[in-house]
Amino acid sequence: MINIELFSQSYSDFDQEVINEIINMFFEDYPISLSLIEKAIDVEDANLLAQSAHKYKGTVGAMYDIELKELLQKLEQKGKDNDLEGASTLFAAIQANSRILADDLKMLIK
């Protein structure tokens with residue numbers, strides 16, 4: 001879930017058009033990121049998992065979703081540790097939280 005207060009403070013100097021562009025960049029990126037994470041889990045590629053989770057964590061961080069960012073940090077660490085046990089469960093939570101974030105962001109587009 002997006003932290004509206006942090007998001008608003010961070011982007012307070014931007015006009016709505018720029019904010020819309022930032023949000024639209026998230027919408028373009030997140031399905032690709034989720035797909036890469038899912039692929040990494042499916043083929044048991046810990047390096048790809050760490051890289052994909054790290055990249056998406058940066059995107060999510062810019063949207064101020066702290067819970068989702070923490071889940072991605074855990075998944076990234078699993079990849080770094082070459083420990084894929086429980087990665088599918090974490091990924092399911094990441095997918096669910098990503099949908100919530102997307103819904104929250106849709107409400108911010110004007």
Side-chain angles (χ1 to χ4, degrees):
M1 177 179 291
I2 190 171
N3 184 320
I4 298 290
E5 183 178 330
L6 286 175
F7 184 91
S8 297
Q9 287 174 354
S10 178
Y11 296 110
S12 64
D13 292 337
F14 296 99
D15 64 20
Q16 188 62 45
E17 184 178 327
V18 173
I19 292 170
N20 290 350
E21 287 180 32
I22 292 167
I23 292 170
N24 285 326
M25 286 173 31
F26 169 82
F27 285 122
E28 291 173 10
D29 181 66
Y30 101 91
I32 296 166
S33 293
L34 290 178
S35 178
L36 285 172
I37 292 169
E38 184 174 38
K39 177 184 176 184
I41 292 169
D42 288 346
V43 300
E44 298 180 355
D45 186 334
N47 187 45
L48 178 60
L49 179 61
Q51 291 174 355
S52 301
H54 177 78
K55 180 183 180 293
Y56 187 41
K57 181 181 72 176
T59 301
V60 166
M63 298 299 113
Y64 295 94
D65 187 326
I66 294 156
E67 182 179 340
L68 181 53
K69 185 177 176 186
E70 288 174 0
L71 290 170
L72 287 159
Q73 176 62 45
K74 289 177 184 177
L75 194 61
E76 177 185 1
Q77 192 60 51
K78 284 195 153 299
K80 288 180 179 179
D81 293 342
N82 199 26
D83 172 20
L84 300 182
E85 186 175 330
S88 293
T89 302
L90 265 175
F91 180 61
I94 288 166
Q95 287 178 303
N97 279 276
S98 293
R99 285 189 294 273
I100 292 167
L101 175 57
D103 288 343
D104 288 349
L105 289 171
K106 285 177 188 174
M107 290 188 283
L108 297 177
I109 294 178
K110 297 177 183 169

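The first residue of the sequence shown is numbered 1, and numbering continues consecutively from there.
A donor-acceptor pair shorter than 3.5 Å can be found between the side chains of Asn20 and Gln16.
In this structure, Met1 is not a member of the same hydrophobic cluster as Ile23, with clusters built from ILVMFWY side-chain heavy atoms closer than 4.5 Å. Cluster annotation: Leu6 is connected to Leu68 through the hydrophobic network of ILVMFWY side chains, with a link wherever side-chain heavy atoms come within less than 4.5 Å. Cluster annotation: Ile66 and Ile94 are assigned to the same hydrophobic cluster (Ile/Leu/Val/Met/Phe/Trp/Tyr, side-chain heavy-atom contacts under 4.5 Å, transitive). The hydrophobic clustering, which links ILVMFWY residues whose side-chain heavy atoms are closer than 4.5 Å, places Phe27 and Val18 together. Linking ILVMFWY side-chain heavy atoms closer than 4.5 Å, directly or via other members, places Leu105 and Phe14 in a single hydrophobic cluster.
Applying the salt bridge (Lys or Arg N to Asp or Glu O under 4.0 Å) rule to Asp29 yields the partners Lys55; only residues at least two apart in sequence or on another chain are considered. Partners of Lys74 according to the side-chain hydrogen bond (donor to acceptor under 3.5 Å, both in side chains) rule, which considers only residues two or more places apart in sequence or in another chain, do not exist here.
When all heavy atoms of Leu90 and Lys78 are compared, the pair lying nearest together is CD1-CD, 3.9 Å. The minimum heavy-atom distance between Leu71 and Asn97, with the atom names listed, is CD1-ND2, 3.4 Å. The nearest pair of heavy atoms linking Phe26 to Thr59 is CD1-CG2, 3.6 Å. Looking at every heavy atom in both residues, His54 comes nearest to Glu76 through ND1-OE2, 3.0 Å. The two residues Ala102 and Tyr30 come nearest to each other via the heavy atoms CB-OH, 3.8 Å. A pairwise comparison of heavy atoms in Met63 and Phe7 identifies O-CD1, 3.9 Å as the closest pair.
One distance of note links NZ of Lys106 with CG of Asp103; it measures 5.0 Å at 0.5 Å rounding. Expressed to the nearest 0.5 Å, how far CD1 of Ile19 lies from CG of Leu108 amounts to 8.0 Å. Leu72 CG to Ser98 OG: the interatomic distance, rounded to the nearest 0.5 Å, is 6.5 Å.
The shortest distance between side-chain heavy atoms of Asp104 and Asp65 does not fall below 4.5 Å. Counting heavy atoms from C-beta outward, Asn24 and Ile109 have side chains that approach closer than 4.5 Å. Contact annotation: the side chain of Lys57 approaches that of Gln73 to within less than 4.5 Å [non-hydrogen atoms, C-beta and beyond].
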Check: residues 35-51 side-chain donor-acceptor pairs under 3.5 Å, at least two apart:
from	atom 1	to	atom 2	distance (Å)
Asp45	OD1	Asn47	N	3.2
Asp45	OD1	Leu48	N	2.9

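Under a 3.5 Å cut-off, the side chain of Ser8 and the backbone N or O of Ile4 do form a donor-acceptor pair.
Between Tyr11 and Tyr64, the ring planes lie perpendicular to each other; the angle is over 60°, past the 30° to 60° tilted range.
Heavy-atom neighbours of Glu21 CD from other residues, nucleotides or ligands within 6.0 Å: above the threshold of 12.
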